**Student:** 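Take this structure, written in structure tokens, and hold onto it; I'll ask about it next.
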Amino acid sequence: DTFHDDSPDPLNEPVILLVDEPETHLHPEWQWRVMPMMQKLFPKAQIFVATHSPFVVSSLNENAWIHRLKVGKDGIVSVEEDRKAEKGDSYVTALKEILEVSSWYDPENRQLLDEFHQLRSAALHGEAGKEEEMKAMAGKIASRGLELEQVMGMELRQYARQKEQMVKAIQPGA
């Protein structure tokens, strides 16, 4: 809100910039570029950014600090201890450690995967009929797309190894 009309270099003035959701309507590749561009354009600015973008967060350089806001069960917002941004942080690190997103899948697929894991556990514990249910669930999940098909293939191979190890532990020499 301050103008530096009389400044020979207004972009080089010490200012405070408040930026809300700079990623809005930007492709992820551009989201990686928006903050470094602002930092370069306004070298003396103190920039405060509110974002939900792991790309914006991971684009911050080593001169930046991350202040996470957390809503408590009582509805009160608090500021967690700040964290120095690291130039080498990936968007995966930003998702997991800063935005606390732990799953790669949407809620529907997460639910199906949770059900699969429960069936797998029950099958490994010898519950009758659970192995067949687990395999049917694996087929249902695998039919949703190539990535989930590959995940289910790995999960079933892991199940077979675990089952084989359990049999060997019970029946040495088997």
Side-chain angles (χ1 to χ4, degrees), residues 19-37 49-61 64 66-81 83 85-174:
V19 184
D20 186 31
E21 303 283 350
E23 69 274 10
T24 304
H25 307 296
L26 292 180
H27 184 278
E29 276 293 329
W30 291 11
Q31 291 178 33
W32 265 320
R33 296 178 183 157
V34 70
M35 290 314 302
M37 181 268 309
V49 180
T51 185
H52 291 97
S53 169
F55 300 100
V56 170
V57 172
S58 66
S59 75
L60 299 173
N61 66 31
I66 298 166
H67 302 271
R68 283 191 57 220
L69 302 180
K70 188 112 182 192
V71 180
K73 291 181 181 175
D74 55 4
I76 296 179
V77 177
S78 61
V79 180
E80 291 188 347
E81 187 174 332
R83 170 190 165 144
E86 295 183 21
K87 201 170 190 131
D89 280 351
S90 69
Y91 77 93
V92 174
T93 297
L95 273 171
K96 282 182 160 182
E97 295 180 14
I98 297 163
L99 299 172
E100 294 182 339
V101 174
S102 60
S103 177
W104 297 104
Y105 298 101
D106 63 277
E108 185 179 349
N109 282 314
R110 278 197 307 253
Q111 177 65 36
L112 291 171
L113 289 165
D114 286 346
E115 289 174 28
F116 170 82
H117 289 119
Q118 289 170 3
L119 289 168
R120 184 182 68 188
S121 179
L124 283 171
H125 287 92
E127 290 185 35
K130 295 301 179 182
E131 184 171 341
E132 292 77 24
E133 280 186 63
M134 176 202 63
K135 288 180 179 178
M137 177 62 80
K140 177 180 176 181
I141 295 169
S143 71
R144 297 174 74 88
L146 181 60
E147 183 176 347
L148 285 169
E149 180 182 339
Q150 293 170 345
V151 168
M152 285 297 98
M154 289 186 295
E155 291 278 1
L156 291 173
R157 286 189 297 278
Q158 181 183 34
Y159 170 78
R161 284 191 301 273
Q162 289 173 324
K163 186 176 173 184
E164 182 181 318
Q165 288 172 350
M166 291 175 77
V167 168
K168 284 181 180 180
I170 294 170
Q171 303 169 357

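For clarity, every value in this text was computed on a predicted model and none was experimentally measured. We're numbering straight along the sequence, starting at 1.
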**Student:** I need the minimum non-hydrogen distance between Gln31 and Leu26, along with the two atoms involved.
**Tutor:**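 So the minimum-distance heavy-atom pair works out to NE2-O, 2.8 Å.
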
**Student:** On a heavy-atom basis, which atom in Ile141 and which in Leu112 lie closest, and how many Å separate them?
**Tutor:**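 Distance-wise, the nearest heavy atoms are CD1-O, 3.5 Å.
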
**Student:** Start with the C-alpha gap between Trp104 and Leu95, add the side-chain angles, then the distance that decides, and say whether side chain to side chain contact (heavy atoms under 4.5 Å, CB included) holds.
**Tutor:** CA-CA 10 Å; Trp104 297 104; Leu95 273 171; 4.2 Å; yes

**Student:** With Gln162, which residues qualify under side chain to side chain donor-acceptor pair (under 3.5 Å), at least two apart?
**Tutor:**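 Gln162 satisfies side chain to side chain donor-acceptor pair (under 3.5 Å) with no other residue.
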
**Student:** Which distance, rounded to the nearest 0.5 Å, do you find between the NZ of Lys87 and the OG of Ser58?
**Tutor:**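 Answer rounded to 0.5 Å: 12.5 Å.
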
**Student:** Kindly write out the residues that satisfy side chain to side chain donor-acceptor pair (under 3.5 Å) with Glu127, not counting sequence neighbours, or none if the list is empty.
**Tutor:**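 Here no residue qualifies.
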
**Student:** If we only count heavy atoms from C-beta on, is the Glu133 to Met137 side-chain gap below 4.5 Å?
**Tutor:**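 SC-SC contact between Glu133 and Met137 ruled out.
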
**Student:** Only counting residues at least two apart or in another chain, list the ones meeting side-chain contact (heavy atoms from CB on, under 4.5 Å) with His67.
**Tutor:**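 Counting only residues at least two positions away or on another chain, His67 forms a side-chain contact (heavy atoms from CB on, under 4.5 Å) with Trp65, Val79, Asp82.
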
**Student:** With sequence neighbours excluded, what pairs up with Lys163 under the side chain to side chain donor-acceptor pair (under 3.5 Å) test?
**Tutor:**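 Side chain to side chain donor-acceptor pair (under 3.5 Å) check on Lys163 returns Glu131.
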
**Student:** So which heavy atom on Ala50 is nearest to which on Pro22, and how close?
**Tutor:**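 Result for this residue pair: O-CD, 3.7 Å.
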
**Student:** Show every salt bridge (charged side-chain N to carboxylate O under 4.0 Å, His left out) that has at least one partner inside residues 99-111, sequence neighbours left out.
**Tutor:**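 Passing the test, one end in residues 99-111: Arg68-Glu100, Lys70-Glu100, Glu108-Arg144.
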
**Student:** Could you list the residues that satisfy side chain to side chain donor-acceptor pair (under 3.5 Å) with Asp89, not counting sequence neighbours?
**Tutor:**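 Asp89: side chain to side chain donor-acceptor pair (under 3.5 Å) contacts with Arg83.
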
**Student:** For Phe55, enumerate each residue passing the ring pair (Phe, Tyr, Trp, His ring centres under 6.0 Å) test, keeping only those at least two apart in sequence or located in another chain.
**Tutor:**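 Applying ring pair (Phe, Tyr, Trp, His ring centres under 6.0 Å) to Phe55 gives Trp32, Tyr91.
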
**Student:** Using 0.5 Å steps for rounding, measure from the CD atom of Glu97 to the OG atom of Ser90.
**Tutor:**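 The OG atom of Ser90 is 8.5 Å from CD of Glu97, to the nearest 0.5 Å.
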
**Student:** By side-chain contact (heavy atoms from CB on, under 4.5 Å), which residues pair with Ile76, not counting sequence neighbours?
**Tutor:**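 Only Asp74 meet the side-chain contact (heavy atoms from CB on, under 4.5 Å) criterion with Ile76.
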
**Student:** Can you check whether Gln118's main-chain N or O pairs, donor with acceptor, with Ser121's side chain at less than 3.5 Å?
**Tutor:**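 Pair absent, no side-chain N/O of Ser121 close to backbone of Gln118.
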
**Student:** Which atom names give the shortest non-hydrogen contact between Ser53 and Leu99, and what distance separates them?
**Tutor:**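 The pair with the smallest heavy-atom distance is C-CD1, 4.2 Å.
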
**Student:** Between Lys135 and Glu132, does any side-chain N to carboxylate O distance fall below 4.0 Å?
**Tutor:**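 Looking at Glu132 together with Lys135, the answer is no, because their closest N to O distance does not fall below 4.0 Å.
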
**Student:** Hey, could you give me each pair passing salt bridge (charged side-chain N to carboxylate O under 4.0 Å, His left out) that has a residue in residues 19-29? Not counting sequence neighbours.
**Tutor:**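 Non-adjacent pairs meeting salt bridge (charged side-chain N to carboxylate O under 4.0 Å, His left out): Glu29-Arg33.
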
**Student:** Minimum heavy-atom separation for Ser143 to Lys140, with atom names?
**Tutor:**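 Minimum heavy-atom contact is OG-O, 2.7 Å.
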
**Student:** With Val77, which residues qualify under side-chain contact (heavy atoms from CB on, under 4.5 Å), at least two apart?
**Tutor:**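 Testing Val77 for side-chain contact (heavy atoms from CB on, under 4.5 Å), a comparison that skips the adjacent residues, returns Leu69, Val71.
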
**Student:** Show me the side-chain donor-acceptor pairs of residues 145-155 shorter than 3.5 Å, one per line, residues at least two apart or across chains.
**Tutor:**
{"unit_1": "Glu147", "atom_1": "OE2", "unit_2": "Tyr105", "atom_2": "OH", "d": "3.3"}
{"unit_1": "Glu155", "atom_1": "OE1", "unit_2": "Arg120", "atom_2": "NH1", "d": "2.3"}
{"unit_1": "Glu155", "atom_1": "OE2", "unit_2": "His117", "atom_2": "NE2", "d": "3.0"}

**Student:** Applying salt bridge (charged side-chain N to carboxylate O under 4.0 Å, His left out), which residue pairs with at least one partner in residues 51-61 are found, sequence neighbours left out?
**Tutor:**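 Every candidate salt bridge (charged side-chain N to carboxylate O under 4.0 Å, His left out) pair involving residues 51-61 fails, so no pair, neighbours aside, qualifies.
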
